[in-house]
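Numbers for residues simply follow the sequence, beginning at 1. Both ligands and their constituent atoms are indexed starting at 1 by order of listing.
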Amino acid sequence: MTRVSDAETRVLVSGATGRMGRRVIGEAAARDDVRVVAGVSRDLSVEIDGTPVEPAEEFRFVLAEYEPDVLVDFSVPEASREFVTDCAEADVACVVGTTGFSGIESTEDEFAEGGLAALREASEQVPVLRASNFSRGIQALLRAVEGAVRDLPGYDVEVTESHHRHKRDAPSGTANSILDRIESAGEFDRRVHGREGDSLREPGELGVHSRRAGGIRGEHEILLANAHEELRLTHRAGSRAVFADGALDAAVWLAGRGAGQYDFSEVVAE
Ligand code: NAD
């Protein structure tokens, strides 16, 4: 069992200088069940809202110095896998929000497999919770999508996601979770990413579309249609606070649990 502090869960944030990392530090300041003891990032040492942020290469030293109960990671897959491996050695639980492990897989196979394998291996020593989306609304959407696909067999299904212009991976990790859920509920034999030229829709296709523009925080729409009707299920994130708070809820929930892989749906269910 990993260590757990009495009153407040002690959190270390990796990717602390990023859009999500900063938000996690900001949201934690308004809660009394968590305390961000430090952050790490690729950048030079800084301070964010009074929280010390250390260079990522000092990660092991940071674990020993600040004694966190849980790592909350919003960085990049290649860094994330190193952090999680070090946390397993130091007996620190891991909440991983970083996405894009599978995106790298297509270009640098071994590396990405190594990334996910590192998370799996770490989960033999410590609790690890990886989620592509820490919004409770998305959890509800996943259940709704599954029901809709089961209720509407034979309907065409297309998933469209929109994000800000800085997002690296496509489709989004959340879109991949939605696609997995659709495939588990219906009869689809291939994903078709975007359409161009002569691309008549064939039975069994699951359409996927990614848009990148401006500062969109995250939008996912699932369209189900036949010749006579259409159903659209849409989720829009209004603020990154929703992901930051969900990740902190996950950290509090995970602290002190036994080794293993956990899912955000378990946090939401309680
Ligand atoms: P960002 O680019 O703003 O921040 C990335 C952070 O990682 C920065 O602090 C940067 O210094 C650090 N970093 C980059 N390379 C590094 C390295 N090699 N070693 C150590 N640190 C490194 O990105 P963001 O918008 O904050 O998103 C971060 C990740 O979180 C992305 O994968 C994104 O898709 C994901 N995300 C997940 C959720 C969710 O709910 N699970 C929500 C939003 C974003």
What pairs meet the salt bridge (Lys or Arg N to Asp or Glu O under 4.0 Å) rule with one or both residues in residues 138-149, with sequence neighbours excluded?
Glu146-Arg150, Glu146-Arg181
Checking the N or O distance criterion of under 3.5 Å, is ligand 1 in contact with Met20?
yes
Looking only at protein heavy atoms, identify the closest one to atom 19 (N) of ligand 1 and say how far it is in Å.
Ala79 CB, 3.3 Å
Has ligand 1 got any nitrogen or oxygen that is less than 3.5 angstrom from a nitrogen or oxygen of Thr99?
yes
Can a salt bridge be assigned to the pair Glu266 and Arg257 using a cut-off of 4.0 Å between side-chain N and carboxylate O?
no
Does the side chain of His235 pick up a donor-acceptor pair with the side chain of Glu219 at under 3.5 Å?
no
Closest non-hydrogen protein atom to atom 40 (O) of ligand 1, residue and atom name please, with distance?
Phe134 N, 2.9 Å
Give the contacting part of Phe83 toward ligand 1: side chain, backbone, both or neither, where contact means a heavy-atom distance below 4.0 Å.
side chain
Best match, Gly97, Ser41, Ala56: closest heavy atom to atom 37 (C) of ligand 1:
Gly97
Would you kindly say whether His220 and Thr234 are connected by a side-chain donor-acceptor distance under 3.5 Å?
no
Protein contact of atom 10 (C) of ligand 1 - nearest heavy atom, named by residue and atom, plus distance
Thr17 OG1, 4.2 Å
Ignoring hydrogens and geometry beyond distance, is a side-chain donor-acceptor pair present between Thr9 and Asp69 at under 3.5 Å?
no
Is it the side chain (CB and beyond), the backbone, both or neither of Ala131 that lies under 4.0 Å from ligand 1, heavy atoms counted?
backbone
Can you confirm whether the side chains of Asp49 and Thr51 place a donor and an acceptor under 3.5 Å from each other?
no
Test of understanding: given a 4.0 Å heavy-atom threshold, classify the contact between Lys167 and ligand 1 as side chain, backbone, both, or neither.
side chain
Just go through His164, Glu57, Glu78, Arg42 and tell me whose heavy atom is the nearest to atom 21 (N) of ligand 1.
Arg42
Can a side-chain donor-acceptor contact be found between Tyr155 and Glu229 if the only test is distance below 3.5 angstrom?
yes
Determine whether the side chains of Thr160 and Glu221 contain a donor N or O and an acceptor N or O closer than 3.5 Å.
no
May I ask you to identify the nearest protein heavy atom to atom 1 (P) of ligand 1, giving residue, atom name and distance to one decimal place in Å?
Arg19 NH2, 3.7 Å
Between Arg191 and Glu183, is the closest basic N to carboxylate O distance under 4.0 Å?
yes
Looking only at protein heavy atoms, which one is nearest to atom 38 (C) of ligand 1, and what is the separation?
Phe74 CE2, 3.6 Å
For ligand 1, note which part of Ser132 has a heavy atom under 4.0 Å away: side chain, backbone, both or neither.
backbone
